[in-house]
Undergrad: 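Please see the structure below; I have some questions.
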Amino acid sequence: MKVAIFGLGLMGGSLARDLAGLGHHVRGADTDEAAVDAALAEHVINARGSPDGDGVADADVVVLAVPVQATSSLLARLAPHLAHARLVMDLGSTKSGVMTAASDAGLADRFIGAHPMTGRERSGWHASRPGLFANAPVYLCPPEQHPTVARDREACDRTLRMAVEFWHQLGAVPEVTTAAAHDRRVAWTSHLPQLMATGLAHVLRDAGYSRSELGPGGSDMTRLAGSDPRMWTGIACENAGEIVPALDAIIAALEGLRAAVNSRRSEVLHPAFDAARQWVIESPPQEP
């Protein structure tokens, strides 16, 4: 299978490593030419691509592993070169906008919005590693409510099956959902924790404390604050409508805890700590 990957950071680079390990022909492109050079030197990719679409005309699968704010414009530039591609996917953390962009680019019957839940605070080619997607949930969003979908449901279903098989071969666990449901879920499960870590980092910095002064718990809680700011700016703006209710909820919870601490109300604090502890015990996180 010939695969073209745009973006060789944590997600795209790890994907290239796994696909190369499975014997697929991989062409890689990145705005950071050093990343492409490194991928070629390590024999992870077979050829160099370009952000303008050169070299993708014969690709069976095209993957866009770029920041969400760059995905729509990249799709528009690539669309004229994708007549041969049977499957086009992005790997971004928001889906509603990119699904519209794919339809506008004439790719509705061949596009699947994909989001592997394997993000880390590190970014770039050197953060990539083999096996990143093993046992990881991957949300897959097929196109909805578009004339192309209504005309050729069989082609769209075939594209979805190909996407499921693509991720299965990497050891991932695909889950099909809608773009709206995806964006609502990740606002709570991914975007809210990131913003909490960012806010906590600001508060500690402004109070004069460094991360080196934190214990293991504080270090764990602030780890996400080291994530790529450009990527998260785009995500926060793109998914603001779903993120704001999640932020409202955590602000209300913190205000409740502040009031209980201020009045030293152990009868409120103990049940709060206990309920949180029970939630942690009953729902352990996925293994990395």
Undergrad: Measure the shortest side-chain to side-chain distance between Asp90 and Phe111 over non-hydrogen atoms and say whether it is less than 4.5 angstrom.
TA: yes
Undergrad: Can Ser219 and Arg211 be counted as having a side-chain donor-acceptor contact under 3.5 angstrom?
TA: yes
Undergrad: So how far is it from His43 NE2 to Ile45 CD1, rounded to the nearest 0.5 Å?
TA: 11.5 Å
Undergrad: Once ring pair (Phe, Tyr, Trp, His ring centres under 6.0 Å) is applied, what residue pairs with a partner in residues 224-271 remain, sequence neighbours excluded?
TA: His191-Trp232
Undergrad: Apply side-chain contact (heavy atoms from CB on, under 4.5 Å) to Val66 and Thr31, showing your working.
TA: CA-CA 10 Å; Val66 299; Thr31 54; over 6 Å; no
Undergrad: Less than 4.5 Å apart, side chain to side chain, heavy atoms only: is that true for Phe166 and Leu140?
TA: no
Undergrad: Does Asp32 have any side-chain contact (heavy atoms from CB on, under 4.5 Å) partners at least two apart in sequence or in another chain, and if so, which?
TA: Asp30, Ala34, Ala35
Undergrad: Within the 3.5 Å criterion, strictly below it, is a donor on Asp183 or Ser96 matched to an acceptor on the partner's side chain?
TA: yes
Undergrad: Does anything in residues 186-210 form a salt bridge (Lys or Arg N to Asp or Glu O under 4.0 Å)? List the pairs, not counting sequence neighbours.
TA: none
Undergrad: Please indicate whether His84 has more than 12 foreign heavy atoms, meaning atoms of other residues, nucleotides or ligands, lying under 6.0 Å from its NE2.
TA: yes
Undergrad: Any chance CZ of Arg77 has more than 12 other-residue heavy atoms, nucleotides or ligands included, within less than 6.0 Å?
TA: yes
Undergrad: Just do the side-chain contact (heavy atoms from CB on, under 4.5 Å) check on Val68 and Val98 with the steps written out, would you?
TA: CA-CA 8 Å; Val68 293; Val98 73; over 6 Å; no
Undergrad: Do any N or O atoms from the side chain of Ser14 and from the backbone of Ser128 form a donor-acceptor pair under 3.5 angstrom?
TA: no
Undergrad: Can you tell if the side chain of Lys2 reaches within under 4.5 Å of the side chain of Asn46, non-hydrogen atoms only?
TA: no
Undergrad: What heavy-atom pair brings Lys95 and Gly113 nearest, and what distance separates the two atoms?
TA: CE-C, 3.3 Å
Undergrad: For the pair Arg110 (side chain) and Leu82 (backbone), establish whether a donor and an acceptor sit closer than 3.5 Å, ignoring hydrogens and angles.
TA: yes
Undergrad: Quick one: pull up NE2 in His115 and CZ in Arg185 and give me the separation to the nearest 0.5 Å.
TA: 11.5 Å
Undergrad: Quick test of your reading of the model: are Asp109 and Arg158 salt-bridged, counting only N-O distances below 4.0 Å?
TA: no
